[in-house]
Amino acid sequence: MHSRQTVRYICEEYTSGNCYYYKSEIITHDNWKNLDSLSWSRPRPISKKTYLKQKKAGYKTEHKFIKKEPAVVIALPQL
């Protein structure tokens with residue numbers, strides 16, 4: 001279990017209304033005393049319930065609004 005300073009919970013909300021929840025932790029590539037070796041881990045999916053629980057508990061949370069255009073569908077010719 002990480003402390004409140006070494007973990008963050010992320011909510012990504014898209015213009016479609018879909019929300020995706022992630023957890024990211026601080027990891028080291030050398031040792032904990034070398035601050036240059038610290039970085040955030042790759043976001044891992046979590047549930048909405050976990051996100052809201054940790055937000056209520058006082059953990060760092062981020063709410064990001066993602067504004068991407070919908071994908072363009074390209075029809076491929078039939079062979």
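Throughout, numbering of the chain's residues begins at 1 and tracks the sequence.
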Expected list for residues 34-46: side-chain donor-acceptor pairs under 3.5 angstrom, two or more places apart:
residue, atom, partner, partner atom, Å
Asn34, OD1, Asp36, N, 3.2
Asn34, ND2, Asp30, OD2, 3.0
Ser37, OG, Thr28, OG1, 2.8
Ser37, OG, Asn31, O, 3.2
Ser37, OG, Asn34, O, 2.8
Ser39, OG, His29, NE2, 2.9
Ser41, OG, Glu25, N, 2.9
Ser41, OG, Glu25, O, 3.3
Arg44, NH2, Glu25, OE2, 2.9

Report task. Would you mind telling me which of His63, Lys55, Lys48 makes a side-chain contact (heavy atoms from CB on, under 4.5 Å) with Cys11? Result -> His63
Report task. Measure the OG-NZ distance between Ser16 and Lys68 for me, rounded to the nearest 0.5 Å. Result ->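 Reported to 0.5 Å precision, the distance equals 11.5 Å.
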Report task. Mind checking the CD-NZ spacing from Gln54 to Lys60? Nearest 0.5 Å is all I need. Result -> 15.0 Å
**Report entry** Transitive ILVMFWY cluster of Leu76, excluding itself - 4.5 Å side-chain cut-off
**Finding:** none
Query raised in the report: Other than Ile10, what residues sit in its cluster of Ile, Leu, Val, Met, Phe, Trp and Tyr side chains whose heavy atoms are under 4.5 Å apart, directly or through others?
Result: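 Cluster partners of Ile10: Tyr14, Tyr20, Tyr22, Ile66.
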**Report entry** Under the side chain to side chain donor-acceptor pair (under 3.5 Å) test, residues paired with Thr61 that sit two or more places apart
**Finding:** none
Report summary line: Taken in chain and number order and not counting sequence neighbours, the residues that satisfy side chain to side chain donor-acceptor pair (under 3.5 Å) with Glu69 are none
Query raised in the report: What pairs meet the salt bridge (charged side-chain N to carboxylate O under 4.0 Å, His left out) rule with one or both residues in residues 7-20, with sequence neighbours excluded?
Result: Arg8-Glu62
**Report entry** side-chain contact (heavy atoms from CB on, under 4.5 Å) involving Ala71 - partner list, sequence neighbours excluded
**Finding:** none
Query raised in the report: Once the angle between the rings of Tyr59 and Tyr9 is folded into 0 to 90°, is it parallel (under 30°), tilted (30 to 60°) or perpendicular (over 60°)?
Result: perpendicular
